[in-house]
> 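A single structure is presented below for examination.
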Amino acid sequence: EVAVGPSRGGVQVLAQGDELALHPSYTASERLSLIAEERERLESLAGASVRGVRFHYLRHDAHATLPELDRLGFAYDSSHGYADRPGMRAGLSFPFRPYDVAADRPLALLELPLVVMDATLAEERYLGLSAEAGLDRAAAVLERAARAGGTVSVLWHNDRFEPAYARGWDRVYDRLLGWVRER
């Protein structure tokens with residue numbers, strides 16, 4: 001996922017063979033019309049379709065926002081996780097189709113379970129772990145998913161790669177990717 005402003009950032013991401021996904025604004029989960037507006041703006045800036053979503057601070061009401069994402073034709077969302085701890089919020093370690101209770105049917109939208117987020121591990125308001133302890137905690141959650149044959153989502157914010165803010169979390173990400181490649 002990459003948040004893109006009015007710059008050539010989106011074009012660069014696409015040129016690298018990566019995909020752009022929408023990171024709706026803080027209040028979009030309360031004003032669902034913003035989701036379509038923000039998607040249209042990102043698509044016009046990038047010149048490409050946007051298929052995925054993850055909400056700021058994981059702020060969404062699954063019963064309202066996921067059916068709206070489905071109605072708008074998004075292919076996937078990766079907002080269903082915990083901000084305050086790693087783990088499988090829906091109890092599933094593999095992508096799934098959320099159920100729309102109001103319509104009494106599963107959505108076409110695929111939910112990619114978010115099981116580890118850097119801010120959860122590092123920030124004092126959540127776990128406040130050291131980089132080394134954070135790596136251990138993240139690997140433990142991913143190990144459980146791997147044992148179940150799962151496919152999950154990991155979120156690492158781009159400021160964790162800025163030397164002034166990284167505090168070792170950039171290396172944790174690299175080591176975590178290495179851990180995944182080994183398995």
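These numbers come from the heavy atoms of this one structure, side chains and all, not from hydrogens, waters or symmetry mates.
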> Would Thr120 and Asp84 count as a side chain to side chain contact (heavy atoms under 4.5 Å, CB included) here? Give the steps.
CA-CA 5 Å; Thr120 302; Asp84 61 342; 5.7 Å; no
> Answer yes or no: does atom CZ of Arg31 have more than 12 heavy-atom neighbours from other residues, nucleotides or ligands under 6.0 Å?
no
> Grouping I, L, V, M, F, W and Y whenever their side-chain heavy atoms are under 4.5 Å apart, do Trp169 and Val141 come out in a common cluster?
yes
> Under a 4.0 Å N-O cut-off, is there an ion pair linking Arg105 with Asp70?
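Between Asp70 and Arg105 there is a salt bridge, with a charged N closer than 4.0 Å to a carboxylate O.
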> Evaluate Leu107 against Leu66 for side chain to side chain contact (heavy atoms under 4.5 Å, CB included), listing each step before the verdict.
CA-CA 8 Å; Leu107 299 174; Leu66 296 181; 3.8 Å; yes
> Hey, quick one: are Leu109 and Leu32 part of the same hydrophobic cluster, counting side-chain heavy atoms closer than 4.5 Å, chains of contacts allowed?
yes
> Looking only at non-hydrogen atoms, find the nearest pair between Arg89 and Gly81 and report the distance.
NH1-O, 3.0 Å
> Any link between Tyr173 and Leu114 through a network of hydrophobic side chains (Ile, Leu, Val, Met, Phe, Trp, Tyr) touching at under 4.5 Å?
no
> For the pair Arg160 and Asp118, find out whether any cationic side-chain nitrogen is under 4.0 Å from an anionic carboxylate oxygen.
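Salt bridge: yes.
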> For Glu38 and Ser25: C-alpha separation, side-chain torsions, deciding distance, then whether side-chain hydrogen bond (donor to acceptor under 3.5 Å, both in side chains) applies.
CA-CA 8 Å; Glu38 292 172 4; Ser25 62; 2.5 Å; yes
> Check Pro24, Ser79, Ser153 against Arg54 for a side chain to side chain contact (heavy atoms under 4.5 Å, CB included) and give me the one that passes.
Ser79
> How are the rings of His56 and His23 set to each other: parallel, tilted or perpendicular (split at 30° and 60°)?
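Because their plane-to-plane angle lies in the 30° to 60° range, the rings of His56 and His23 count as tilted.
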> What distance separates Met117 CE from His157 NE2, expressed to the nearest 0.5 Å?
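Between Met117 CE and His157 NE2, I get 6.0 Å after rounding to 0.5 Å.
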> Looking at Pro113 and Phe94, what are the two nearest heavy atoms and their distance?
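Taking Pro113 first and Phe94 second, the nearest heavy atoms are CG-O, 3.4 Å.
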> Honestly curious: do Leu177 and Val152 fall in one hydrophobic cluster under the side-chain, below-4.5 Å linking rule?
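Yes, one cluster joins them.
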> With a 4.5 Å cut-off on side-chain heavy-atom distances among I, L, V, M, F, W and Y, is there a chain of contacts connecting Val180 to Val172?
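Val180 and Val172: one cluster.
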> Sequence neighbours left out, what passes ring pair (Phe, Tyr, Trp, His ring centres under 6.0 Å) with Phe74? Give chain and number order.
none
> With distance as the sole test, does Ser130 use its side chain to make a donor-acceptor pair with the main-chain N or O of Ala133 at under 3.5 Å?
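Looks like yes, one N/O pair under 3.5 Å.
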> What's the separation between atom CD in Glu68 and atom OG1 in Thr65, rounded to the nearest 0.5 Å?
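Going from the CD atom of Glu68 to the OG1 atom of Thr65 covers 9.0 Å.
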> Is Tyr126 reaching over with its side chain to a backbone N or O of Ala83, donor-acceptor style, under 3.5 angstrom?
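It does not hold such a pair.
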> Between Glu43 and Arg39, is the closest basic N to carboxylate O distance under 4.0 Å?
yes
> Evaluate the ring planes of His60 and Phe55, with Trp represented by its six-membered ring, and classify them as parallel (under 30°), tilted (30 to 60°) or perpendicular (over 60°).
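Rings of His60 and Phe55: parallel, as their planes differ by under 30°.
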> Which of these, Val154, Val115, Leu121, Leu142, sits in a side chain to side chain contact (heavy atoms under 4.5 Å, CB included) with Pro86?
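That would be Leu121; it is the only one of Val154, Val115, Leu121, Leu142 passing the side chain to side chain contact (heavy atoms under 4.5 Å, CB included) with Pro86.
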> Measuring from Leu34:CG to Ser29:OG, what's the distance to the nearest 0.5 Å?
9.5 Å
> For Phe161, I'd like to know if atom CZ has over 12 heavy atoms of other residues, nucleotides or ligands within 6.0 Å.
yes
> Give the C-alpha distance, both sets of side-chain angles, the deciding distance and a yes or no for side chain to side chain contact (heavy atoms under 4.5 Å, CB included) between Trp156 and Val116.
CA-CA 9 Å; Trp156 228 255; Val116 176; 4.3 Å; yes
> Backbone N or O of His80 within a donor-acceptor pair of the Glu111 side chain at under 3.5 Å?
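Such a contact is found between Glu111 side chain and His80 backbone.
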> Salt bridge or not for Arg175 and Glu132, using N-O below 4.0 Å?
yes
> Which atoms form the tightest heavy-atom contact between Val50 and Leu22, and what is the distance?
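For Val50 and Leu22, the tightest heavy-atom pair comes out as CG1-N, 3.5 Å.
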> Answer yes or no: is there an ion pair linking Glu19 with Arg51, defined by an N-O contact shorter than 4.0 Å?
yes
> Parallel, tilted or perpendicular for Tyr57 and Tyr26, by the 30°/60° rule?
perpendicular
> If you measure from CG on Asp136 to CG on Leu176, what distance do you get to the nearest 0.5 Å?
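Asp136 CG to Leu176 CG: 10.5 Å, rounded to 0.5 Å.
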> For Pro67 and Ala62, work out which heavy atoms get closest and say how close.
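What the structure gives for the nearest pair is CD-O, 3.3 Å.
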> Determine, stepwise, if the pair Glu143 / Trp179 fulfils side chain to side chain contact (heavy atoms under 4.5 Å, CB included).
CA-CA 10 Å; Glu143 181 63 43; Trp179 182 93; 3.2 Å; yes
